[in-house]
Amino acid sequence: MIRNTRFENALKLKEQATPPIWFMRQAGRYHSHYQKLRAKHSFMDLCIQPELAAETAMGPIKDFDFDLAILFSDLLFPLQALGMGLEYTDNGPQLGFQLDEKSVGKLRPWKEAVDGIKFQGEAVSATLDVLPKDKSLVGFVGSPWTLFVYAVEGTHKGFLERSKGSMGLFDKFCLSMVPLLKENIRIQLDAGAELVMLFDTAAGALSPSLYKKYVAPVIGEIAKSFPKKLAYYIKDSSEGHLAALEASNTMEHFAGIGFDHRWSLPEVLAQKNRNYFVQGNFDQSMLLTDTDSFKKALDLYLAEFRNLDSTQLRGWVCGLGHGVLPKTPELHVKYLVEKIRKEFS
């Protein structure tokens with residue numbers, strides 16, 4: 001059952017005046033609600049204690065009236081479940097060891113790792129218990145490639161040459177990670193998530209040819225296991241990345257595709273025979289600028305949508321190009337939500 005009518009219409013590609021709105025990282029460091037919780041609890045506790053995860057996810061729903069809540073968690077927990085350790089420090093998440101040809105043998109069998117991610121299902125249930133009945137809830141997981149990069153590099157920054165030079169190791173990693181992620185997705189869906197987002201933060205750093213050979217088949221395997229129950233987002237994606245998914249007949253299995261701010265979303269929406277919702281994609285960095293610059297950029301962004309008819313706007317899920325950045329003014333988040341609803345009323 002889809003709780004939010006706008007989101008249900010978007011999933012069904014049904015014409016509607018106002019798109020549903022949700023932002024990646026809408027419950028995060030920029031938000032005073034989150035900051036108050038973090039003053040009392042560790043980030044780890046906010047994720048693994050279901051009631052705290054629910055309270056964190058509810059903050060932006062109460063303050064900004066988003067149509068969707070997002071499971072509050074972190075994409076690195078499957079690495080912890082496989083035995084890599086995980087600690088959140090002032091210098092970012094730290095694993096117990098970096099993945100290489102020697103240490104890959106230390107990964108737990110995926111069936112033994114499942115218990116390590118069951119708390120996410122409990123967090124989904126706890127969030128649904130407090131979420132208004134007209135608000136939807138989506139879950140999320142990281143993609144195999146994005147998790148592999150963090151396991152090898154300890155970061156998603158830089159040129160990722162160690163990861164790109166270890167494609168044989170990626171294949172070995174996927175033997176454990178892919179079945180674990182499938183179970184992770186199933187746990188969230190069974191607990192009541194209406195959709196699960198598959199985030200590929202690092203895939204845009206791959207050339208389309210490498211992506212097509214190594215990553216697209218794995219993404220296709222996951223997507224085909226959950227037809228129309230997943231959406232997929234690649235940071236810094238290109239037409240070549242999506243073409244690789246098309247070539248493997250994967251796109252038809254996704255309910256939606258997320259696009260960052262480098263894409264012209266009106267052009268994507270206007271494509272004929274599109275059979276998935278489109279999520280995105282105002283430039284999140286513009287919310288950090290002064291109010292006048294932010295509003296002018298938003299007006300410029302929205303001007304391109306005015307040339308689209310109601311049929312072309314079907315399936316638009318309004319959001320940012322990527323997630324809400326730290327130090328983003330809450331007033332800008334509130335203004336953006338209200339502006340979209342006024343503009344498309």
Side-chain angles (χ1 to χ4, degrees), residues 2-4 6-8 10-11 19-28 47 53 56-57 60-61 66-78 117 120-121 123-124 127-128 131 135-147 150 156 177-178 180-204 215 218-237 241-242 245 250-251 253-260 263 265 276-281 284 315-324:
I2 308 301
R3 295 157 61 112
N4 181 268
R6 291 173 183 146
F7 187 49
E8 182 178 29
L11 285 169
I21 306 171
W22 71 274
F23 296 167
M24 288 183 272
R25 296 180 185 157
Q26 65 188 30
C47 293
T56 308
I61 299 296
F66 289 109
D67 291 282
L68 283 73
I70 312 166
L71 166 68
F72 189 81
S73 195
D74 189 72
L75 57 79
L76 296 180
F77 283 115
I117 43 96
Q120 290 187 340
V124 167
T127 305
L128 286 172
L131 194 65
K135 302 296 184 182
S136 285
L137 177 65
V138 296
F140 74 93
V141 295
S143 81
W145 171 255
T146 287
L147 291 168
Y150 209 93
H156 290 137
M177 183 54 74
V178 170
L180 179 60
L181 284 180
K182 286 183 182 180
E183 194 60 29
N184 199 168
I185 292 166
R186 189 172 290 108
I187 285 169
Q188 293 183 24
L189 291 173
D190 287 350
E194 297 168 21
L195 182 90
V196 173
M197 290 290 301
L198 182 60
F199 288 126
D200 225 342
T201 309
V215 178
V218 176
I219 297 301
E221 179 185 344
I222 296 172
K224 291 168 187 175
S225 299
F226 303 94
K228 294 299 182 181
K229 298 300 290 185
L230 303 181
Y232 185 48
Y233 167 77
I234 303 176
K235 183 182 179 183
D236 300 338
S237 62
H241 295 93
L242 296 191
L245 295 175
T250 297
M251 293 284 278
H253 297 285
F254 282 122
I257 302 291
F259 293 85
D260 70 21
W263 290 77
L265 208 67
Y276 52 83
F277 76 73
V278 172
Q279 191 268 337
N281 76 336
Q284 61 284 339
W316 180 28
V317 177
C318 181
L320 302 178
H322 197 60
V324 187

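By convention here, the first residue in the shown sequence is residue 1. Note that the structure is a prediction, hence the values are computed from the model and not measured.
When all heavy atoms are compared, the tightest approach of Leu265 to Phe259 is CD1-CB, 3.9 Å. In terms of heavy atoms, Ser136 sits closest to Ile2 at OG-CG2, 3.9 Å. Of all the heavy atoms in Ala231 and Leu195, the pair that sits closest is CB-CD2, 3.8 Å. In plain terms, the two heavy atoms of Ala10 and Pro20 that are nearest each other are CB-CG, 4.0 Å. The two residues Ala69 and Leu131 come nearest to each other via the heavy atoms CB-CD1, 3.7 Å. Residues Leu198 and Ser143 approach most closely at CD1-CA, 3.7 Å, considering heavy atoms.
The shortest side-chain heavy-atom distance between Val324 and Gln284 does not fall under the 4.5 Å cut-off. Between Phe226 and Lys182, the closest side-chain pair of non-hydrogen atoms falls below 4.5 Å. Within the 4.5 Å cutoff, the side chain of Phe199 has heavy atoms near those of the Met24 side chain. Using a 4.5 Å cut-off on side-chain heavy atoms (C-beta onward), Pro144 and Ile222 make contact. Val196 has its side chain out of reach of Val138: every pair of non-hydrogen atoms, C-beta onward, lies at least 4.5 Å apart. Side-chain contact check for Val317 versus Trp22: some heavy-atom pair is nearer than 4.5 Å. Within the 4.5 Å cutoff, the side chain of Leu137 has no heavy atoms near those of the Arg3 side chain. Side-chain contact between Thr201 and Leu75 is present, with at least one heavy-atom pair separated by less than 4.5 Å.
Residues that satisfy the salt bridge (charged side-chain N to carboxylate O under 4.0 Å, His left out) test with Asp67, not counting sequence neighbours, are Arg6, Arg341. Take Glu183 and apply the salt bridge (charged side-chain N to carboxylate O under 4.0 Å, His left out) test, not counting sequence neighbours, and it matches Arg186. Listed by chain and residue number, nothing satisfies the salt bridge (charged side-chain N to carboxylate O under 4.0 Å, His left out) test with Lys235 (two or more places apart in sequence, or in another chain). Shown here are the side chain to side chain donor-acceptor pair (under 3.5 Å) partners of Tyr150, two or more places apart in sequence or in another chain: there are none. For Asp236, the salt bridge (charged side-chain N to carboxylate O under 4.0 Å, His left out) partners two or more places apart in sequence, or in a different chain, are Arg262.
Counting only residues at least two apart or on different chains, no salt bridge (Lys or Arg N to Asp or Glu O under 4.0 Å) pair has a member in residues 223-232.
Atom CE of Met197 is separated from atom CD1 of Ile185 by 11.5 Å, given to the nearest 0.5 angstrom. Note that CG of Asn184 is 9.0 Å distant from CE of Met177, once rounded to the nearest 0.5 Å.
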For this session: Please lay out, stage by stage, how His322 and Tyr233 fare under the test ring-ring contact (aromatic ring centres under 6.0 Å, His included).
Result: CA-CA 9 Å; His322 197 60; Tyr233 167 77; 5.5 Å; yes
For this session: Please step through side chain to side chain contact (heavy atoms under 4.5 Å, CB included) for the pair Leu76 and Leu147, ending with a clear verdict.
Result: CA-CA 7 Å; Leu76 296 180; Leu147 291 168; 4.1 Å; yes
For this session: Give the C-alpha distance, both sets of side-chain angles, the deciding distance and a yes or no for side chain to side chain contact (heavy atoms under 4.5 Å, CB included) between Asp260 and Asn281.
Result: CA-CA 5 Å; Asp260 70 21; Asn281 76 336; 5.8 Å; no
For this session: Could you walk me through whether Trp316 and Phe277 pass the side chain to side chain contact (heavy atoms under 4.5 Å, CB included) test, one step at a time?
Result: CA-CA 6 Å; Trp316 180 28; Phe277 76 73; over 6 Å; no
For this session: Apply side-chain hydrogen bond (donor to acceptor under 3.5 Å, both in side chains) to the pair Ser237 and Trp263, showing each step before the final yes or no.
Result: CA-CA 9 Å; Ser237 62; Trp263 290 77; 3.0 Å; yes
Exercise. Run the side chain to side chain contact (heavy atoms under 4.5 Å, CB included) check on Leu11 and Glu194 step by step: do they pass?
Worked result: CA-CA 10 Å; Leu11 285 169; Glu194 297 168 21; 5.6 Å; no
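Among Val178, Ile234, Leu245, the single residue meeting the side-chain contact (heavy atoms from CB on, under 4.5 Å) criterion with Ile219 is Leu245.
For the pair Gln279 (side chain) and Gly319 (backbone), a donor-acceptor distance under 3.5 Å is absent. Put simply, the side chain of Gln26 gets close to the backbone of Leu68: a donor and an acceptor are under 3.5 Å apart. In terms of modelled atom types and a separation under 3.5 Å, the side chain of Thr56 and the main chain of Phe72 share no donor-acceptor contact. For Thr127 (side chain) and Ala123 (main-chain N/O), a donor-acceptor pair under 3.5 Å exists by modelled atom type.
Using cut-offs of 30° and 60° on the angle between ring planes, the pair Tyr232 and Phe254 is parallel.
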